[in-house]
Amino acid sequence: PHDYENMARSAGFELLRVEERSRDIQIHYNKLAEAVAAAPSLLDRQVPDSLAHNIEAWRLAILEGSITWACFVARKPG
């Protein structure tokens, strides 16, 4: 999030609120993994398997701290 904060400030924005929300993205990918695992059998089995593999890579990156999530509220003065 610090990169985005720096970019916003350098573009003239005032940050009114910044929240780390890494837990939210972790919850999202966990729910997505559950939905893919329960995918209807009408789908080609390769589709859910491929999605599950990609989701797992995202989940590992989140757990390792390589991906973060944040919420920003900013305004441009003037």
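Here, residue 1 is the first one in the sequence, and each next residue gets the next number.
- One distance of note links OH of Tyr29 with CG of Asn54; it measures 9.5 Å at 0.5 Å rounding.
- Remark: Ile25 CD1 to Ile62 CD1 distance equals 4.5 Å, nearest 0.5 Å.
- Linking ILVMFWY side-chain heavy atoms closer than 4.5 Å, directly or via other members, places Leu16 and Tyr4 in two distinct hydrophobic clusters.
- Under the 4.5 Å side-chain heavy-atom criterion for Ile, Leu, Val, Met, Phe, Trp and Tyr, Val73 and Leu15 are members of distinct hydrophobic clusters.
- Taking OG1 of Thr68 as the start and CD of Gln26 as the end, the distance is 13.0 Å to the nearest 0.5 Å.
- Pro77 and Gly12 make their closest contact through CD-O, 3.2 Å (heavy atoms, listed as atom of the first residue, atom of the second, distance).
- The environment of Arg17 atom CZ is sparse: at most 12 non-hydrogen atoms of other residues, nucleotides or ligands sit within 6.0 angstrom.
- For the atom pair CH2 (Trp69) and CD (Glu19), the distance works out to 13.5 Å, reported to the nearest 0.5 Å.
- Using a cut-off of 4.0 Å between Lys/Arg side-chain N and Asp/Glu carboxylate O, Arg59 and Glu56 are scored as salt-bridged.
- Atoms CG and CD1, on Leu60 and Ile55 in that order, are 12.0 Å from each other to the nearest 0.5 Å.
- Between the CZ atom of Phe72 and the CD atom of Glu5 there is a distance of 5.0 Å, given to the nearest 0.5 Å.
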